[in-house]
Amino acid sequence: MNCVRLLRDFLRQEHRRMSSMFKTPETEHELMEAARGLAGQRLGDLAKQCHRRVPTSFHQSKGWVGQLIEMMLGTDAANRSEPDFVKLGVELKTIPIDHKGRPKETTFICTASLTQMGGWAYIDSRVCKKLSRVLWVPVQADPDTEIGQRMVGNPLLWSPSMDDERVIRADWEYFANKIANGYVETISASEGEYLQMRPKGANSKSRGWGIDEDGASVKTSPKGFYLRARFTAKLLNENYAAI
DNA sequence: TATTGATCATGC
DNA sequence: GCATGATCAATA
């Protein structure tokens, strides 16, 4: 339909116009200045600044907060599998905080290749690259507070400690071994201490390629890597003064 | 009520 | 289908 196309093109132009309003930071310092500028502001106000409608629920807009903050901080990775701020090597993550000040959800890291993780080193993995430098932006997520009224918190520029990295690496290697040896189907979300692997697809009928115990290609449920809320809670506790 | 498994939107 | 951004909701 022609009008659908016109609308789509209009929305794309609008998106580009808004994106260009927010400059991509050149340094970590610039990035932090911009992020601190968002702290204390409400999602409704931020949405207004880039002419976006605030959804009444996230049922059909699950990535809305992340995309809003991305735009306001000028990320430049688009949907490539690189850190959000390509030049800085920094990944942006919004993190929903409940009324007790704890993460409400796990944090998605990246999708997983289920065909060939054997022979790879953790250092070269997408998990390692994404987690090497993360800008955490806490956002209130109390369901009793209207979305537009929810506040953005103080940003945290973070890298994993050696201890954290050891655990994450061990988790990753555990999963990598399972995948490489044909045990994709036995992976459960209950495995992994800090990392976890869970379905990541349109729905339970989604299928991607994997390998079975004989090394043959099979269709299997796509999966992604996530950080457990237990881990992100620890991370926030270590880096923010107790309330 | 915390966690696991399922699901939504969008771009290419 | 796979990558990005995540939250929803059934269940243990």
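As the structure is a prediction and not an experimental result, all values here were calculated from the model. Here is how names work: the chains are called A, B, and so on, in the same order as the sequence lines, proteins then strands, and each is numbered from 1. All heavy atoms count here, side chains included; hydrogens, waters and symmetry mates do not.
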Spacing of A:L195 atom CG relative to B:dT3 atom C1', expressed in whole Å: 16 Å
Need one value for A:E91: base, sugar-phosphate or nothing, where a base atom within 4.0 Å counts as base even if backbone is also close, heavy atoms only. sugar-phosphate
Nearest to the A:N203 side chain among C:dG5, B:dT4, B:dT7, which nucleotide is it? B:dT7
Using whole Å, what does the distance between atom P of nucleotide C:dG1 and atom CG of A:L114 come to? 13 Å
Report, as a single string ordered 5' to 3', how protein heavy atoms within less than 4.0 Å touch nucleotides 7-12 of chain C: B base, S sugar-phosphate only, - not at all. BBS---
Under the side chain to side chain contact (heavy atoms under 4.5 Å, CB included) test, residues paired with A:K205 that sit two or more places apart: A:N203
Please confirm whether the shortest side-chain N or O distance from A:R228 to OP1 or OP2 of B:dT4 is below 4.0 Å. yes
So, using ring pair (Phe, Tyr, Trp, His ring centres under 6.0 Å) as the criterion, who are the partners of A:Y122 when residues are at least two apart? A:W172
Tell me every residue that passes side chain to side chain donor-acceptor pair (under 3.5 Å) with A:S217, counting only those two or more places apart in sequence or in another chain. none
Distance, rounded to the nearest Å, where A:W64 contributes CH2 and B:dT7 contributes P: 25 Å
For A:K200 and C:dT4, give me the distance from atom NZ to atom P, rounded to whole Å. 8 Å
How far does the helix from B:dT1-C:dA12 to B:dC12-C:dG1 bend, going by the axes of its first and last five pairs, to the nearest 10°? 30°
With heavy atoms under 4.0 Å as the rule, sort A:A229 into base, sugar-phosphate or nothing. nothing
Polar side-chain atom of A:R150 near backbone of A:G44 as donor-acceptor pair, under 3.5 Å: no
Just how far, in rounded Å, is C1' of C:dG5 from CZ of A:F85? 14 Å
Using a cut-off of 6.0 Å, state whether more than 12 heavy atoms not belonging to A:K48 lie near its atom NZ. no
Of A:G201 and A:E191, the one whose nearest nucleotide on DNA chain B sits closer to the 5' end is A:E191
note: A:L92, atom CG; C:dT4, atom P; distance rounded to Å ~ 13 Å
Any base atoms under 4.0 Å from A:K93, or only sugar-phosphate, or nothing? Heavy atoms, all strands. sugar-phosphate
To the nearest Å, how far apart are A:F225 CZ and C:dA3 P? 12 Å
Going by heavy atoms in the side chains, are A:I97 and A:R102 under 4.5 Å from each other? no
Sequence neighbours excluded, the answer for side chain to side chain donor-acceptor pair (under 3.5 Å) partners of A:D45 is A:R42
Check this one for me: any side-chain N or O of A:Q60 less than 4.0 Å away from OP1 or OP2 of B:dA9? yes
Nucleotide nearest A:R102 (side chain, heavy atoms from C-beta), chosen from B:dA2, B:dA6, B:dC8: B:dA2
How would you list all residue pairs meeting ring-ring contact (aromatic ring centres under 6.0 Å, His included) that involve residues 135-159 of chain A, not counting sequence neighbours? A:W136-A:W158
For residues 87-110 of chain A, which residue pairs pass the ring-ring contact (aromatic ring centres under 6.0 Å, His included) check, not counting sequence neighbours? A:F108-A:Y226
Whole Å only: how far is the CD1 atom of A:I187 from the P atom of B:dG5? 11 Å
Salt bridge (charged side-chain N to carboxylate O under 4.0 Å, His left out) filter on A:E213, not counting sequence neighbours, yields none
Any donor-acceptor N or O pair under 3.5 Å, side chains A:S57, A:H59: yes
By the side-chain hydrogen bond (donor to acceptor under 3.5 Å, both in side chains) test, which pairs, at least two apart or in different chains, include something from residues 182-202 of chain A? A:T106-A:R198, A:Y174-A:E191, A:K178-A:T186, A:K178-A:E191, A:E185-A:T220, A:S188-A:S190, A:Q196-A:R198
Please list, by residue number, the residues of residues 128-137 of chain A whose heavy atoms come closer than 4.0 Å to an atom of DNA chain C; answer none if no residue qualifies. A:K130
NA contact type, A:T111, heavy-atom cut-off 4.0 Å: base, sugar-phosphate, or nothing? base
Quick one: is B:dT4 close enough that its OP1 or OP2 comes under 4.0 Å of any side-chain N or O from A:Q196? yes
Under the salt bridge (Lys or Arg N to Asp or Glu O under 4.0 Å) rule, what pairs show up with a residue in residues 119-146 of chain A, not counting sequence neighbours? A:E28-A:R133, A:E91-A:K130
